[in-house]
Amino acid sequence: MEKIQPYVKAFTAYLKSLNKSFHTTKQYTLDAKQFAEIIQHENKINEALQLYSKTIQEKYPSFNSVNRKFASIRHFLTFLQLRGVISVYNEEIIAPLTKQETELNVLKEKQFTRALAYWPKQYEIALNEEHEWLALRNTVIVFTVAELGIKPAELVRMEWKHINTEKNEIIVLASKSYRVLQCSKKLLELLEDYKHHTLEFMPLTENSPYVWLGVGNKMGEPVSVKTIERIFKAMSEQLQFKVTATNMRYHAIQKLLTKNEDPKVLYEQFGYARKGVLLEREQRFPKNS
DNA sequence: CTCCAAACTCACACGACTAG
DNA sequence: CTAGTCGTGTGAGTTTGGAG
């Protein structure tokens, strides 16, 4: 068997030619590179796979990680076969491991209440106008995630024109689709309040279409998901428990689940493609909470 | 055909680093 | 200090294949 390290580059080009997304290409390339590294001194494909499988399982504790890497390598092996670098191999060696159920991390009611109170408190104790504005923005961000249960990537895409004050509706742009969500009067008022403060604090951003702006940001550009992460990170550190956009999202979903909403309404509201995914999540919600 | 678990893909989480 | 980018690991979300 010839050395496969030189084929990693060609693999990347191959993935691009298949119109794989940026993320997928990047991840598969990374995995292929690691694979080539591990097996570089092996001569027989099945022995190489044995070594790889063993190395990966020792290095990564999570089943998901191992299985994702195996999936990458199956693609890579197919590619190598296409190029005639290898012929057949024993598929069993890198067959997916059977995965175990993991319980979802959902915010408890008490934690949820405390999380909501965090930024309003920061607003009260703000020492200057900038901190005050930031605290207000972060308050509205957290309230939006809490009520709508949307994901960070969806949040940062929000534009003022997506908000319909008459019909109490907000259009949420997902990666490949959009959905229209009902929202409370209170949230609309908060958004409006934040809009006015932003206009006063940063008048030059007046014609930015985006809702969530930053102080050290490129003029009129929305903040990134990294900033959303940091907003939750800051809360977590102060509050002594982990709050993320995702576990707040789950809190919102669970609330509706316990109210026995129609599943169809639920999976549409939270942007799931089909109800199966939601049912799977339901299994994994913590039992007594 | 329907349906759903497995396979696959995408993006969040988080640390390290950088800019202003 | 607030924010963006990049690298890496992993969980969330989407698609598919094959059972019925």
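The sequence lines fix the lettering, A, B, ..., with proteins before strands; numbering per chain opens at 1.
Note: CD1 (A:Ile231) to P (B:dC12) measures 14 Å, nearest angstrom. Atoms CD (A:Glu132) and P (C:dC1) sit 20 Å apart, rounded to a whole Å. The nearest whole Å value for the distance from the CG atom in A:Asn138 to the P atom in C:dC1 is 15 Å. Atom pair A:Gln27:CD and C:dC6:P shows a separation of 16 Å (rounding to whole Å applied). Put simply, CD1 on A:Ile228 is 14 Å from P on C:dT2, counting in whole angstrom units. Summarising the geometry, the separation between NZ on A:Lys151 and P on C:dG13 is reported as 5 Å, rounded to the nearest angstrom. Between the CD atom of A:Glu129 and the P atom of C:dT2 there is a distance of 16 Å, rounded to whole Å. The distance between atom CD of A:Glu130 and atom P of C:dA3, rounded to the nearest whole Å, is 8 Å.
Within the 6.0 Å centre-distance limit, the rings of A:Trp212 and A:Tyr194 are counted as a close aromatic pair.
The aromatic rings of A:Phe76 and A:Phe11 lie tilted to each other, with the angle between the two planes from 30° to 60°.
Listed by first and then second residue, the salt bridge (charged side-chain N to carboxylate O under 4.0 Å, His left out) pairs that reach into residues 222-247 of chain A are A:Lys226-A:Glu229, A:Lys233-A:Glu237, sequence neighbours excluded. Residue pairs that meet the salt bridge (charged side-chain N to carboxylate O under 4.0 Å, His left out) test with at least one member in residues 126-142 of chain A, sequence neighbours left out, do not exist here. Legend: salt bridge (charged side-chain N to carboxylate O under 4.0 Å, His left out) pairs involving residues 28-51 of chain A, not counting sequence neighbours, sorted by first then second residue: A:Asp31-A:Arg68, A:Asp31-A:Lys69.
Picking from C:dT2, B:dC12, C:dG9 the nucleotide with the shortest atom distance to the side chain of A:Lys69 gives C:dG9. Residue A:Thr227 has its side chain nearest to C:dA3 when only C:dA3, C:dC1, C:dG9 are considered.
Comparing A:Leu30 and A:Trp133 by the nucleotide of DNA chain C that holds the closest heavy atom to each, the one mapping nearer the 5' end is A:Trp133.
Checking the phosphate oxygens (OP1, OP2) of B:dT9, a side-chain nitrogen or oxygen of A:Tyr28 falls inside 4.0 Å. Between A:Arg249 and the phosphate of B:dA11, there is no side-chain N or O to OP1/OP2 separation shorter than 4.0 Å. Note on A:Tyr250: every side-chain N or O is 4.0 Å or more away from OP1 and OP2 of B:dC12.
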- Task: Kindly indicate, with the supporting measurements, whether the criterion salt bridge (Lys or Arg N to Asp or Glu O under 4.0 Å) is fulfilled by A:Glu154 and A:Arg179.
- Result: CA-CA 11 Å; A:Glu154 294 168 340; A:Arg179 59 189 187 278; 3.1 Å; yes

- For the pair A:Glu147 and A:Ser184, evaluate side-chain hydrogen bond (donor to acceptor under 3.5 Å, both in side chains) and give the outcome as yes or no after the intermediate values. CA-CA 8 Å; A:Glu147 177 169 329; A:Ser184 70; 2.8 Å; yes

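Using a cut-off of 4.0 Å between Lys/Arg side-chain N and Asp/Glu carboxylate O, A:Glu200 and A:Lys195 are scored as not salt-bridged.
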Would you tabulate the nitrogen or oxygen pairs shorter than 3.5 Å linking the protein to nucleotides 13-16 of chain B?
residue: B:dA13; atom: OP1; partner: A:Thr246; partner atom: OG1; Å: 3.0
residue: B:dA13; atom: N7; partner: A:Glu229; partner atom: OE2; Å: 3.4
residue: B:dC14; atom: OP1; partner: A:Lys242; partner atom: NZ; Å: 2.9
residue: B:dG15; atom: OP2; partner: A:Lys233; partner atom: NZ; Å: 3.3
residue: B:dG15; atom: N7; partner: A:Lys226; partner atom: NZ; Å: 3.3
residue: B:dG15; atom: O6; partner: A:Lys226; partner atom: NZ; Å: 2.9

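Within residues 74-81 of chain A, the residues having any heavy atom closer than 4.0 Å to DNA chain B are, in order of number, A:Arg74, A:His75.
With sequence neighbours excluded, the residues that form a side chain to side chain contact (heavy atoms under 4.5 Å, CB included) with A:Asn46 are A:Leu49, A:Tyr89, A:Asn90, A:Ile93.
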